[in-house]
Amino acid sequence: MDALIPQLLNGSAQGALLLLAALGLSLTFGQMGVINMAHGEFLMIGAFSAYLVQQVIAASDLSIPVALPVAFVVAGLFGLLLEVTIIRWMYRRPLDTLLVTVGVGLILQQAALQIFPSQGVPVEKPSWLDGQLTILGYAWPMRQLFTILLAAVCVAALSAWLKYTSFGRRIRATVHNRDLAETTGISTRTIDRLTFFVGSGLAGVAGVAASLIGGTNSQMGAQYIIPAFLVVAAGGIGQLKGTILAAWAVGVALAFFAYWTTGSLAQVLAFILVIVFLQLRPQGLFTVRTRSLA
Amino acid sequence: MTGASLVVTDLRVEFSGFVAVGGVSFDAHPGEVRFLIGPNGAGKTTCIDAVTGLTKATGSARLGQTELLGKQVHKIVRRGIGRTFQTASVFDELTVLQNLDIAAGLHRRSVSLLRARRGIDPSIERALEETGLTGELTTPAGILSYGQKQWLEIAMLLVQDAKVLLLDEPVAGMSQDERTATGELLQRIAAKRIVLVVEHDMDFMRRFATRVTVLHQGKVLSQGTVAEVQADPQVQEVYLGTADAITEA
Amino acid sequence: MTKKPWISLGGIGVFAVLLLAVAPLVLTDHWLNNLGKYCCWAIAAVGIGLAWGRGGMLVMGQGVFFALGAYSMAMHLTLETAGDRIPAFMVLYDPLAPLPAFWEPFRGAGFTLAAIVLLPVVVAGALGYALFKRRVKGAYFAILSQALAVALAVLISSTIRETGGDTGLSDFKYFFGFVLNDPANRQMVYLIAAGLLIVCLLAVWQFYRSRFGELLIATRDAEERVRFLGYDPANVKLVAFVVSALMASIGGALFVPIVGIITPAEIGAAASILMIAGVALGGRASLFGPALGAIAVGWGQSSLGSTWPDGWTYVLGLLFIVVILFLPNGLSSLPARFTGRARRTPVEQPTPAIAAAELEGVRS
Amino acid sequence: MLELTDIEAGYGRTRVLHGVTVPTGKVVAVLGHNGAGKTTLLRLAIGLIKPSKGRVVFDGEDITSLAPNQRVKRGMAYVPQGQQAFGQLTTLENLQLVADGRRRGKALIEAQMARFPALEKFATRKAGLLSGGQRQQLAIARALITEPKLLILDEPTEGIQPTIVAEIEHTIVQLAGEGINVLLVEQHIGFALQAAERYVVLASGFVTQTGEGGMAATSTVRAAMAI
Amino acid sequence: GCGARAGDDTAGAGSSAAASCVDTSGDTIKLGFLNSLTGGMAISEKTVSNVLHMAADEINAGGGLLGKKIEYVQEDGATDWPTFAEKTEKLLTQDCVAAIFGGWTSSSRKAVKPVVEKLNGLFFYPVQYEGLESSPNIYYTGATTNQQIIPAMDFLASKGVKTLFLAGSDYVFPRTANAIIKLYAAKLGIKIVGEEYVPLDKDDWTSQVAKIAAAKPDFIFNTINGSSNVGFIKAYYDAGLTPAKTPIISVSIAEEEAPAMGHEVTGNYASWNYFQSLKTATNPKFIQSWKAYPKSSGVTSDPMEAAYISLYLYKALVEAAGSFDVNAVNAAAKKNTITFDAPEGKVTLDGENHHISKPGHIGRINADNQFDIVWASDKFIEPDPYLEGYDWFPADIRKQLTDAAG
Ligand SMILES: Nc1ncnc2c1ncn2[C@@H]1O[C@H](COP(=O)(O)OP(=O)(O)OP(=O)(O)O)[C@@H](O)[C@H]1O
Ligand SMILES: Nc1ncnc2c1ncn2[C@@H]1O[C@H](COP(=O)(O)OP(=O)(O)OP(=O)(O)O)[C@@H](O)[C@H]1O
Ligand SMILES: NC(N)=O
Ligand SMILES: [Mg+2]
Ligand SMILES: [Mg+2]
């Protein structure tokens with residue numbers, strides 16, 4: 001019973017990291033229909049960006065706040081490059097984007113392995129994230145709080161962007177029917193690029209958070225990609241609130257399973273949980289129905 | 001031959017609070033070309049959706065003794081209900097022949113599915129002739145024109161030997177003489193089967209309808225022969241409009 | 001779909017002669033053994049071609065079924081090697097505990113063979129039934145199947161005493177009574193794998209020319225529409241999925257005596273995707289494409305991966321990109337492109353309201 | 001306004017249009033049987049497919065290589081065949097989409113809602129849930145909001161109830177009167193010819209007849225089309 | 001036709017092995033290097049591969065092996081155990097190398113073992129491992145348990161540790177090592193208060209560390225491998241655990257790995273045989289050569305040093321045997337006279353079990369990510385893979401294991 005509070009908090013933080021990793025996907029997969037398997041590698045790019053920023057700004061208290069926007073832009077630019085060179089040809093073949101981006105991910109991983117020290121690089125945590133906050137008798141690591149806060153900020157910014165700007169509408173229109181969008185005067189090219197930039201940029205931000213939690217190396221992205229996709233699917237395609245809820249639920253489930261069983265089994269159980277859930281609700285938590293036959 | 005009739009009683013469909021169909025009753029019998037008309041959004045397509053199992057509904061829809069509501073889509077089809085869609089949908093990558101062959105396969109034993117097709121089913125040849133698609137036998141359906149796709153859909157209903165044909169705007173996109181041809185085809189088909197047509201082309205309706213049901217806001221507004229319905233002032237008001245509209249003679 | 005099915009049949013004949021007669025004569029033991037391994041992947045690939053190329057189900061978790069066959073076989077061979085002792089690796093973690101109960105039946109050769117065939121059928125049947133009836137499809141299906149493969153791989157990794165964990169099962173001495181070290185026996189195992197590949201090709205050849213093949217394409221292209229022709233698309237997909245699972249299992253089962261080791265890495269995400277790579281390279285919807293593609297990728301891994309390991313990763317990555325981007329129908333679509341005999345295909349569909357609408361309806 | 005000269009185009013290896021030249025005029029009707037290539041011609045006009053030969057000139061500018069959205073910015077609007085709408089967006093959002101960034105955007109939307117009452121009634125409903133005819137009305141409204149110089153209509157009255165058909169036909173005539181050019185594909189030959197200044201008949205991708213509009217042309221066209 | 005059946009057992013050791021195809025006629029000799037250059041383990045194995053290249057260059061500069069220059073064939077194990085098996089077979093039968101060097105994880109070694117045994121090849125394995133293994137075809141130049149784990153436990157006992165938490169990656173080495181630790185801890189009167197495993201490729205340790213924090217052990221015994229260590233150390237630090245109150249002793253964090261963990265790892269311990277900070281006669285030269293080597297990573301570490309040893313040990317072996325023949329090499333080893341003046345000190349090969357003697361060291365990580373040596377064994381520890389000299393290790397398990405090994 002005394003595990004309840006700690007694991008709930010701890011799970012929420014894990015969920016927040018998952019959410020950060022899934023947020024960009026929710027945009028590129030949910031809104032654009034692109035299944036970007038290199039999203040994990042964009043996350044890795046964000047983490048390496050944080051490392052490079054620290055090479056320039058040594059004081060980690062300052063460098064991490066600087067690294068966040070830098071990682072956003074760097075990963076975003078990589079995403080933009082991917083869109084301009086490859087994805088743009090594939091909007092009519094979503095499942096094929098999955099395979100193409102697997103290839104992109106492989107290349108990025110290998111490049112990282114060759115460019116950076118193979119054991120990975122250190123990303124120093126700012127000292128203001130040292131220590132714990134004691135809640136109900138549980139010493140909650142500040143770093144976990146930071147992850148949650150960062151996720152909250154990103155979610156708020158993203159949903160405002162989608163909701164209060166005409167971009168949101170245009171993105172959704174473009175996903176639904178490219179030709180039609182194009183012929184109503186939407187520059188689908190611009191929309192595609194911008195969306196992909198933001199979605200990939202969010203992966204970069206997630207990468208900074210991840211670099212404070214685990215290793216920063218060529219393999220780091222791989223561990224996030226499948227859980228992140230499961231979260232997006234379980235939340236309901238293109239449903240931001242679903243993604244949030246699903247990420248939190250998976251995070252908490254992972255924490256409790258890990259507490260009751262082992263780290264390995266926790267992963268298995270969390271996956272099974274999502275799969276069973278999707279069996280019950282194939283369209284995710286929140287669904288959009290239309291009358292079309294497709 | 002007097003086959004079973006389609007009898008719809010008190011059909012209701014609700015979409016999260018919005019009543020799309022609110023207690024519609026009508027019937028259709030072999031030998032007549034039955035028309036279902038009404039303003040956009042009246043619930044015509046929804047009625048067809050309900051009868052074919054695409055949408056959940058309450059009330060009753062019977063073909064002879066068999067209740068259709070509540071059955072799965074493919075089981076309803078196996079009872080002999082066939083339909084077309086407001087936006088034509090055929091299997092783009094398959095040829096016309098393959099499309100028809102699949103439609104014809106419905107009553108085949110499943111083991112026979114594992115054998116290759118040899119020759120062309122006589123029922124397919126007949127359907128091709130009826131719909132004038134003989135020349136397109138090996139054309140992938142994806143590159144047929146819109147109207148041709150609609151004919152292909154009707155041909156598919158013929159080979160699947162549907163007892164009831166529910167046609168949602170079957171002459172959309174057709175030119176006048178094509179409409180005439182289609183109308184005549186429907187009359188021929190209707191001799192032995194139940195044909196229910198949803199259409200907005202009033203000229204087409206006048207020429208080919210034997211009986212008409214008018215829906216409005218999910219309710220039956222009027223029912224009867226073409227003349228009766230046309231004369232109904234309510235129908236004129238909500239649907240037909242007054243005579244000054246530019247119409248095709 | 002092939003206009004003249006007998007040409008394909010002739011192709012299978014040529015392929016059979018190459019694999020069964022020519023290869024054993026010209027290849028060294030090492031390369032023959034490698035070819036055997038590629039054949040195992042090719043068997044799985046043929047199944048993927050059926051499920052994905054023809055059925056539109058991007059099966060990203062074939063590792064699961066590969067594992068069912070492989071671990072069934074590996075447990076049997078491990079027990080055969082251990083004799084009446086408990087397998088060596090189990091001693092390490094708990095020497096006193098007995099053989100786990102689920103191992104026991106795998107002592108029997110008959111049970112093992114039955115398991116290799118029936119396990120994937122039952123598991124894929126149940127899984128497919130649950131998913132297809134609930135209309136889980138498209139990207140959802142792909143990601144779910146992949147997650148399943150990951151989950152199984154992690155599960156195996158984390159149950160060391162029961163399954164050998166990450167290290168896997170290896171060091172098999174016998175194969176149904178035959179000494180595995182004997183080159184003659186290894187050749188026999190190779191011939192079994194190559195022979196089964198031919199059998200699988202024949203099976204899909206018949207599938208493709210049958211009405212079922214056409215129905216499968218119809219289901220892939222417009223699943224909901226098929227319902228209105230009186231078929232339950234879930235059943236159509238289920239058949240293709242189960243057959244593809246069975247093939248993956250057979251491939252896995254033969255992988256074990258040929259390669260001599262099975263580990264969770266051979267069934268996890270990366271391995272499952274690599275199986276897809278071969279299929280995409282060769283041509284997902286063609287008859288020979290998947291098998292040839294799988295053999296090519298296997299060969300590339302063995303040879304390029306040797307001489308140029310860093311480069312190979314780039315090559316593999318580029319392969320995915322270039323093939324999918326420029327040759328969505330794989331290398332096997334090249335001849336048709338050049339000879340210009342290509343059928344008219346609807347490349348650029350005028351998008352009707354329904355076509356691109358929902359992601360889950362989306363194919364390839 | 002729009003000149004389509006000696007157009008050849010098709011899909012993949014299939015050629016659909018063979019040297020098609022469309023006469024210019026305020027309202028130009030394109031007539032023809034199923035599969036004649038009418039939709040293909042209109043898709044080409046808006047830029048969804050590119051001609052393998054021939055030129056597309058709009059307002060004196062060669063726009064053959066422009067993307068559809070750029071053509072829209074230059075004042076073209078397109079209502080495709082088949083009741084197309086953005087199903088995931090609400091009716092209102094469908095309209096806002098095109099009104100965004102325009103002066104008087106709100107007023108433009110209101111004007112169209114007044115024209116098509118169903119749109120007002122279902123403003124917050126997802127367009128994917130509308131009936132076919134409602135979607136078609138939405139499509140036309142969407143095109144009109146852009147205040148185009150040239151309106152390209154592919155069977156705009158298809159699937160629409162007679163009262164509203166009359167309304168749309170009336171609108172087309174009215175718009176033409178206001179100086180908006182119209183390129184129209186329509187199966188109601190009578191209406192099409194009455195509204196049209198010029199017409200062109202396509203058969204299997206070839207131009208088989210062109211001429212001046214007006215009721216008088218009806219019988220000639222009928223004769224040309226009755227194969 | 002079919003070959004031998006189980007009954008007609010002629011399948012004794014190497015009976016069916018094709019005659020070795022090693023070509024000793026020229027003035028070069030081929031050796032195989034087998035490391036994961038791609039995939040997850042490339043993180044660790046690339047450096048080992050590079051140091052092997054350096055050693056080969058050095059030996060070539062000094063005249064080679066029996067007067068023949070080493071011509072090495074580098075293979076990629078790709079972090080995939082079947083690939084290790086395949087490449088081993090390829091190196092032995094296609095490239096005809098005289099010996100193979102490499103591997104890191106115990107899993108990779110276990111994949112290689114049956115192949116080298118079948119083909120009667122030689123494999124030199126350079127990483128500390130869980131012991132309980134020996135093979136006529138493998139030479140182990142990393143530590144076995146009694147040279148790393150047991151000294152670490154002795155060290156803990158000497159510090160008066162009463163409770164211990166075991167944290168490891170989920171694979172064969174940590175699982176087996178912890179099984180041994182538990183046996184020995186019982187003997188030492190140390191209580192194991194918890195045991196946690198996380199998959200090798202997973203970094204997030206927060207849930208597990210929360211359990212550790214709750215268990216409040218005197219010490220944490222860390223058998224985590226690879227990048228997962230970074231996550232472990234960060235979670236440890238974030239949870240407020242400190243080396244002052246809950247120190248960690250690791251067996252897989254070395255000079256190579258420590259920098260990636262930042263300052264969070266400082267103050268914790270590691271048990272190794274070699275540290276860069278060791279003051280031996282040969283260490284400075286080793287460090288210097290490595291730093292000057294083009295593909296250098298800048299620091300030296302235990303697995304690298306063991307890899308370096310392995311090539312020199314082979315040199316000593318072939319020179320003693322006067323031949324590259326496997327049986328001759330093994331016969332030479334049997335004389336127990338093979339030594340090498342390694343950076344960790346002068347190591348001696350045990351010709352029976354094919355392991356080498358090693359000094360035990362415990363180091364403490366300082367701010368420069370180097371190790372301050374806080375404990376050293378009083379003499380070189382003889383290798384004892386089956387723990388025959390330790391009465392707490394159950395004889396029946398030992399028997400079962402040796403029986404199973406054949
Ligand atoms: N799934 C749904 N959710 C909510 N409302 C729906 C749904 N399906 C249909 N409707 C509404 O039900 C009403 C009836 O629609 P239906 O498609 O049956 O009309 P219709 O008579 O076929 O019209 P049309 O002639 O324009 O095709 C419409 O107002 C439509 O918006
Ligand atoms: N995506 C496509 N790929 C290949 N051919 C196509 C494609 N779309 C249409 N076609 C071909 O182009 C021809 C003209 O089609 P189009 O849609 O332009 O006809 P239409 O005149 O608009 O007919 P309808 O009155 O039925 O709408 C048809 O015969 C069809 O075979
Ligand atoms: N031997 C090891 N560290 O796996
Ligand atoms: Mg309708
Ligand atoms: Mg058209």
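Chain naming here is simple, since letters A, B, ... match the order of the sequence lines and numbering starts at 1 in each.
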As an exercise, state the distance from [atom1] of [X] to [atom2] of [Y], rounded to the nearest 0.5 Å.
X: C/L144; Y: A/F271; atom1: CG; atom2: CZ; result: 11.0 Å
X: A/L230; Y: C/I143; atom1: CG; atom2: CD1; result: 7.5 Å
X: C/L325; Y: A/I87; atom1: CG; atom2: CD1; result: 9.0 Å
X: A/M90; Y: C/I321; atom1: CE; atom2: CD1; result: 10.5 Å
X: A/L99; Y: C/I273; atom1: CG; atom2: CD1; result: 8.0 Å
X: C/Y140; Y: A/I275; atom1: OH; atom2: CD1; result: 14.5 Å

Under 4.5 Å heavy-atom distance to chain C, tell me which part of [X] shows up: side chain, backbone, both or neither.
X: A/L280; value: backbone
X: A/A111; value: both
X: A/I86; value: both
X: A/Q114; value: side chain
X: A/Q110; value: both

Margin query: Looking at every non-hydrogen atom in both residues, tell me the closest pair between C/A139 and A/I35 and how far apart they are.
Written below: CB-CD1, 3.4 Å
Note to self: Side chains of C/L155 and A/L265, heavy atoms from C-beta outward: is any pair under 4.5 Å?
What the structure shows: yes
Margin query: Are A/V102 and C/M60 packed together at the side-chain level, in the sense that at least one heavy-atom pair is separated by less than 4.5 angstrom?
Written below: no
Check: Hey, does the side chain of A/Q279 reach the backbone of C/A130 with a donor-acceptor pair shorter than 3.5 angstrom?
Finding: yes
Notebook entry, point to check: Heavy-atom distance under 4.5 Å to chain A: side chain of C/I276, backbone, both or neither?
Noted result: side chain
